[in-house]
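Everything numeric in this text was worked out from a predicted model, so none of it was measured. By convention here, the first residue in the shown sequence is residue 1.
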Amino acid sequence: MGSQQSTTNDDASGFTQQFPSLLHFYHALSKSFSKGSSTPGHRRPGLPTELIIMIFRMAGLKHPNYSESTLEPLHFKPTHSETYPREWKVQSWDARRAEQCWIITDPLDEKTLYKTASIQLYTWSRDQGWVNDRSQGSWSWFEIGIASEPLTNDDNSTPTSAQIFDGLNVVQKLRPDSKEPLRWRSHSNVLAARNIQEHAGEVFDYHHELWSFIKAGDRLCVYMCAQFGGWSNIAIYGRIRVWKYFEPTLL
C-alpha cells in the first residue's frame with residue numbers, strides 16, 4: 001500500500017536496549033513464546049504460532065513499520081488546476097456545512113482489513129487565513145467515512161445513502177439505527193494559518209468503532225469540510241498512514 005517506514009515506541013524503549021530495533025524485540029519475544037522454557041522452577045511449554053498471534057493481537061501489538069498510501073483525489077477537480085502545487089478548496093457561505101469527498105480508496109479486501117491495526121490521516125492544508133473570534137474554534141476540518149456499493153433490494157446489511165460520487169457507483173454508508181452517515185472527525189486545520197501546514201489526524205486504532213462497521217468491499221473516504229460564512233478548507237496533499245498487526249513468522 002506504499003513505502004514502508006519506521007516509527008518508534010517510547011514506552012517500549014526501556015525493554016529494547018539490547019535489541020537493534022523494536023521489530024527485533026518483537027521477534028525475540030515471539031520466539032521465546034514458541035520455544036517455551038526448561039529452566040527449573042520456571043518450566044513452561046512452547047506455544048503454537050496461532051496462539052502467539054492471538055496474544056499479540058489481543059495486546060494490540062502493531063508492526064513498528066508503517067506503510068503510507070498517497071491517494072490522488074478522484075472526484076474533486078483542483079481549484080487552480082494550472083498552478084503547482086494544486087489546490088482543492090471547500091468554502092462555506094452561511095451556516096450550512098460545505099463538504100466534498102476529496103479522496104476515496106480502492107475497495108478494501110478481507111485480508112487488508114484483518115491485518116490493519118490502525119490508520120491516520122495526514123493533510124497539508126489550511127483554513128482561510130483569518131478569523132474574527134478565535135474563541136469560537138476552528139470550522140475547517142477533515143472527516144473519514146465509509147463508502148460502499150449501493151445495496152440491492154435483497155441486501156439486509158448496513159443501509160446506504162443515495163449520494164453517488166462522480167464516476168464511481170458508490171454511496172455513503174449509514175448507521176443502521178439513526179441512518180446518519182458513518183463518518184468521524186479526523187482533525188481541524190490550524191486556526192487562521194496563512195500558509196499550508198502539515199496536520200496529523202486522530203489515530204483510528206483497533207478499538208475505534210470504524211472497524212466494527214467497515215466490511216470487505218467498502219472504501220474509506222476523506223471529506224474536506226467547512227461551516228459558517230467565510231470559512232474555507234484548502235488542501236494541496238493528503239495521505240493515509242497504515243499500521244498492521246505484528247505477526248511472527250518462521251518461529
- Apply ring-ring contact (aromatic ring centres under 6.0 Å, His included) to Tyr114 and list each qualifying residue two or more places apart in sequence or on a separate chain. none

- State whether the side chain of Ser148 and the backbone N or O of Lys173 hold a donor-acceptor pair below 3.5 Å, judged by distance alone. no

- State, yes or no, whether a side-chain contact exists between Tyr237 and Ile196 at a heavy-atom distance under 4.5 Å. no

- Could you state whether Ile103 and Trp141 fall into the same hydrophobic cluster, counting links through intermediate Ile, Leu, Val, Met, Phe, Trp or Tyr residues with side-chain heavy atoms under 4.5 angstrom apart? no

- Item | Flag side-chain contact, heavy atom, 4.5 Å: Phe142 against Asn189 | yes

- Message: Hydrophobic cluster membership, with links at side-chain heavy-atom distances under 4.5 Å among I/L/V/M/F/W/Y: are Leu23 and Phe33 in one?
- Response: yes

- Say you draw a straight line from SG of Cys221 to CD of Gln100; how long is it, rounded to the nearest 0.5 Å? 8.5 Å

- So which residues get pulled into Tyr206's cluster when ILVMFWY side chains under 4.5 Å apart are joined, directly or through others? Tyr245

- Message: So, taking the atom named CG in Asp106 and the one named OG1 in Thr112, what distance separates them when rounded to the nearest 0.5 Å?
- Response: 10.0 Å

- Check: Arg175 side chain, Leu182 main-chain N or O, donor-acceptor pair, under 3.5 Å: no

- Message: I need the Leu121 CG to Arg239 CZ distance, nearest 0.5 Å.
- Response: 10.5 Å

- Message: Ignoring hydrogens, what is the shortest heavy-atom contact between Ala226 and Ser92? Give both atom names and the distance.
- Response: O-CB, 3.7 Å

- Can you get from Met224 to Val190 by hopping between Ile, Leu, Val, Met, Phe, Trp and Tyr side chains that sit under 4.5 Å apart? no

- Task: Can you tell me which residue pairs pass the salt bridge (Lys or Arg N to Asp or Glu O under 4.0 Å) test with a partner in residues 111-133, sequence neighbours excluded?
- Result: Lys115-Glu247

- All side-chain contact (heavy atoms from CB on, under 4.5 Å) counterparts of Gln128, not counting sequence neighbours: Trp130, Val131, Trp231, Ser232

- Task: Could you check whether the rings of Phe204 and Trp184 sit parallel, tilted or perpendicular, using 30° and 60° as the cut-offs?
- Result: perpendicular

- Linking I/L/V/M/F/W/Y whenever their side-chain heavy atoms sit closer than 4.5 Å, directly or via other members, would Leu113 and Val242 fall into one cluster? yes

- Query: Which value, rounded to the nearest 0.5 Å, describes the distance between Ile52 atom CD1 and Leu61 atom CG?
  - Reply: 12.0 Å

- Does a side chain donor of either Ser118 or His208 reach within less than 3.5 Å of an acceptor in the other side chain? no

- Message: To check you understand the geometry: which heavy-atom pair defines the closest contact between Arg44 and Gly36, and what is its length?
- Response: NH1-CA, 3.2 Å

- Query: Given side chains that start at C-beta, do those of Thr123 and His187 come closer than 4.5 Å, heavy atoms only?
  - Reply: yes

- Task: Just do the side chain to side chain contact (heavy atoms under 4.5 Å, CB included) check on Thr116 and Trp211 with the steps written out, would you?
- Result: CA-CA 9 Å; Thr116 299; Trp211 306 110; 3.6 Å; yes

- Query: Taking Lys62 for the side chain and Asp205 for the main chain, is one N or O donor matched with an acceptor at less than 3.5 Å?
  - Reply: no

- Task: Flag yes if Trp124 and Leu191 sit in one hydrophobic cluster, no otherwise; membership is Ile, Leu, Val, Met, Phe, Trp, Tyr, and two members link when side-chain heavy atoms are under 4.5 Å apart.
- Result: no

- Message: Before you tell me yes or no, could you show the steps for Arg96 and Asp94 under salt bridge (charged side-chain N to carboxylate O under 4.0 Å, His left out), namely the whole-Å CA-CA distance, both residues' side-chain angles and the distance that decides it to 0.1 Å?
- Response: CA-CA 5 Å; Arg96 292 172 294 182; Asp94 50 37; 2.6 Å; yes

- Query: Is a side-chain donor or acceptor of Arg43 paired with a backbone partner of Ser38 at a separation under 3.5 angstrom?
  - Reply: yes

- Does some side-chain heavy atom of Pro176 sit less than 4.5 Å from a side-chain heavy atom of Phe213? yes

- Item | His63 ring center within less than 6.0 Å of Tyr26 ring center | no

- Message: Between Gln227 (side chain only) and Ala98 (backbone N and O only), is there a donor and an acceptor less than 3.5 Å apart?
- Response: no

- Could I get the full list of salt bridge (charged side-chain N to carboxylate O under 4.0 Å, His left out) partners for Arg97, not counting sequence neighbours? Glu99, Glu143

- Under 30°, 30 to 60°, or over 60°: which ring-plane class applies to Trp139 and Phe228, parallel, tilted or perpendicular? perpendicular

- First locate atom CD of Gln172, then atom CZ of Arg219, and finally report the distance between them rounded to the nearest 0.5 Å. 14.0 Å

- Point-to-point distance, once rounded to the nearest 0.5 Å, from CH2 of Trp243 to CZ of Arg241: 5.0 Å

- Item | Residue Glu110 excluded, over 12 heavy atoms near CD under 6.0 Å | no

- Task: Measure across Gly217 and Pro107 and return the closest heavy-atom pair with its distance rounded to 0.1 Å.
- Result: O-CB, 3.7 Å

- Message: If hydrophobic residues (ILVMFWY) are linked whenever their side-chain heavy atoms come closer than 4.5 Å, directly or via other members, who joins Ile53 in its cluster?
- Response: none

